[in-house]
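Here the structure comes first, spelled out in structure tokens, and everything after it is commentary.
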Amino acid sequence: MGLIKAVMFDLDGVIVDTSNYHYLSWKKLCLELDYNLNESGNDFLKGLSREDSLLKIIDLANISLSEEKFKEYLIKKNSYYLDFINNLSPENILPGVLSFLRYLKKKSIKISLCSSSKNAKFVLEKLDMISLFDIIVDGNDIKMSKPDPEIFLIASKKLVTEPKNCLVFEDAQSGIDAANKAGMTVVGIGNKNKLKNLKYCFPDFLKIPDHLINYFFNEER
Ligand code: B16
Ligand code: MG
């Protein structure tokens, strides 16, 4: 048995490329606020909860919103997002994810989803993936969103596995910071030039080298 006994997966940007749909939904909403959200502005939103994303937009656009309008815009953003993901299917699962999950099952490694999204279960249903996870911790289960480590600590507790034996896959800086604060090993999925404070980063699961898989799951310690 290797160092890692449980693996935690982020959803948007790690299992499925819904992060672009979050971006397009925020961009559409921002037009109504007379603010042009571009990709570099969107980088600040990645991995944040819906509420924290709108707070960040208010900050970036230098505007203010009443409490009522704030709630109204959250609902609107989500309805745009739900329209975008309506046709999501298993074909949208990112490369190498399913074979990696099958490998973990074979090794009896515990598997958790740790997503800030309140739509996580709905997305997993569309991808036909619910049964692949031992537990699901999502935006409905947490008080503090990433970069707070709460989501990962809840998962490690539920899986009865110490943080030092947990491995996290994340695409966003907020999630990487949360996993580091939780005391877990983190692997970035995406562009390593855009992410910091992590030792390992690969464009997708197919690019993770065998020696690293062996180090995590097979080498005796
Ligand atoms: P929702 P993850 C996060 O999911 C997204 O990265 C982030 O862009 C989004 O705002 C957040 O979920 C909340 O999503 O509006 O669906 O509740 O990356 O943690 O899987
Ligand atoms: Mg993500």
Side-chain angles (χ1 to χ4, degrees), residues 7-30 37 39-60 70-86 88 92-94 97 111-127 129-130 133 135-155 168-182 184 186-191 194-195 198 201-205:
V7 176
M8 278 117 195
F9 291 85
D10 176 56
L11 177 65
D12 297 315
V14 167
I15 285 178
V16 59
D17 201 5
T18 36
S19 28
N20 195 41
Y21 296 135
H22 279 295
Y23 170 45
L24 294 175
S25 316
W26 283 123
K27 197 172 173 64
K28 191 169 170 185
L29 188 86
C30 281
L37 180 73
E39 289 203 19
S40 54
N42 184 58
D43 281 344
F44 290 108
L45 311 183
K46 283 185 188 159
L48 298 187
S49 68
R50 205 178 306 164
E51 290 76 5
D52 286 350
S53 301
L54 186 52
L55 285 172
K56 191 75 207 173
I57 286 168
I58 288 174
D59 184 35
L60 291 171
F70 188 87
K71 283 188 191 144
E72 195 186 296
Y73 282 129
L74 289 181
I75 293 169
K76 230 177 190 185
K77 186 271 173 179
N78 200 45
S79 76
Y80 294 153
Y81 178 65
L82 292 177
D83 283 348
F84 277 122
I85 62 169
N86 193 32
L88 218 57
N92 297 102
I93 300 170
L94 286 171
V97 170
I111 303 170
S112 169
L113 186 89
C114 289
S115 166
S116 306
S117 175
K118 290 183 176 157
N119 296 301
K121 287 200 183 98
F122 176 68
V123 170
L124 286 183
E125 268 160 22
K126 289 216 162 248
L127 302 177
M129 288 183 81
I130 290 265
F133 294 88
I135 61 161
I136 292 170
V137 189
D138 66 23
N140 301 293
D141 305 310
I142 52 174
K143 288 194 196 72
M144 273 119 13
S145 85
K146 300 167 187 172
D148 191 280
E150 184 189 19
I151 195 162
F152 295 119
L153 294 175
I154 292 177
V168 174
F169 286 94
E170 261 294 347
D171 70 313
Q173 195 57 50
S174 57
I176 290 163
D177 294 342
N180 282 331
K181 278 186 217 156
M184 300 177 177
V186 55
V187 174
I189 295 291
N191 181 347
K194 282 193 158 190
L195 302 169
L198 84 174
C201 188
F202 305 99
D204 63 48
F205 283 87

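Order of listing sets the numbers, starting from 1, for every ligand and every atom in it.
Of the heavy atoms in H22, only side-chain atoms (C-beta onward) come closer than 4.0 Å to ligand 1.
Here's the thing with K46: none of its N/O atoms is less than 3.5 angstrom from an N/O atom of ligand 1. Below 3.5 Å of separation, one finds an N or O of S116 facing an N or O of ligand 1. Any N or O atom pair closer than 3.5 Å counts here, and L11 shares at least one such pair with ligand 1. The shortest N or O to N or O distance between G47 and ligand 1 is under 3.5 Å. In terms of polar-atom proximity, defined here as any N/O pair under 3.5 Å, S115 does make such a contact with ligand 1.
Counting only distances under 2.8 Å, and ignoring water, the protein N, O or S atoms around the Mg ion (ligand 2) are D10 OD2, D12 O, D171 OD1.
Using a 4.0 Å cut-off to heavy atoms of K118, the atoms of ligand 1 that qualify are 1 (P), 16 (O), 17 (O). Within ligand 1, counting atoms from 1 as listed, the ones closer than 4.0 Å to a heavy atom of N119 are 1 (P), 16 (O).
The cationic atom of K46 (NZ for Lys, CZ for Arg) does not lie both less than 6.0 Å from the six-membered ring centre of F44 and within 45° of the ring axis.
Each of L88, L82, L127 was evaluated against F122; a single residue qualifies, L82, per the side chain to side chain contact (heavy atoms under 4.5 Å, CB included) test. Under the side chain to side chain contact (heavy atoms under 4.5 Å, CB included) test applied with I136, the options I111, L11, L113, D141 reduce to a single match, L113. Under the side chain to side chain contact (heavy atoms under 4.5 Å, CB included) rule, Y81 has a single partner from L24, T18, N86, L29, which is T18.
Checked by atom type and distance alone, the side chain of K181 pairs as donor or acceptor with a backbone atom of P147 at under 3.5 Å.
Counting protein heavy atoms only, atom 5 (C) of ligand 1 is closest to D12 OD2, 3.3 Å. Nearest to atom 18 (O) of ligand 1 among the protein's heavy atoms is D10 OD1, 2.8 Å. Looking at atom 15 (O) of ligand 1, its nearest protein heavy atom turns out to be R50 NE, 2.7 Å.
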**OP:** Test C114 against V168 for side-chain contact (heavy atoms from CB on, under 4.5 Å), laying out the working first.
**Re:** CA-CA 9 Å; C114 289; V168 174; over 6 Å; no
Subject >> Test log, rule side-chain contact (heavy atoms from CB on, under 4.5 Å), inputs F133 and K121 >> reply: CA-CA 11 Å; F133 294 88; K121 287 200 183 98; over 6 Å; no
**OP:** Start with the C-alpha distance between I15 and M129, add both sets of side-chain angles, then the distance that settles side-chain contact (heavy atoms from CB on, under 4.5 Å), and finish with yes or no.
**Re:** CA-CA 10 Å; I15 285 178; M129 288 183 81; 3.7 Å; yes
**OP:** Show the numbers, then the answer: is there a salt bridge (Lys or Arg N to Asp or Glu O under 4.0 Å) between D177 and K146?
**Re:** CA-CA 8 Å; D177 294 342; K146 300 167 187 172; over 6 Å; no
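Of the listed residues (A178, S19, S117), the one carrying the non-hydrogen atom nearest atom 1 (P) of ligand 1 is S117. Counting heavy atoms only, L48 comes closest to atom 9 (C) of ligand 1 of the residues D171, L48, I85, T18.
The distance from atom CD1 of I75 to atom CZ of R50, rounded to the nearest 0.5 Å, is 9.0 Å.
Between S116 and L48, the closest side-chain pair of non-hydrogen atoms is not below 4.5 Å.
Using a 30° and 60° split on the angle between ring planes, F9 and F205 fall in the tilted class, from 30° to 60°.
Heavy atoms of E170 come nearer than 4.0 angstrom to ligand 1 in no pair at all. Residue contacts with ligand 1 include S53, since one or more of its heavy atoms lies under 4.0 Å from the ligand.
Using a 4.0 Å cut-off between a side-chain N of Lys or Arg and a carboxylate O of Asp or Glu, D138 and K118 do not qualify as a salt bridge.
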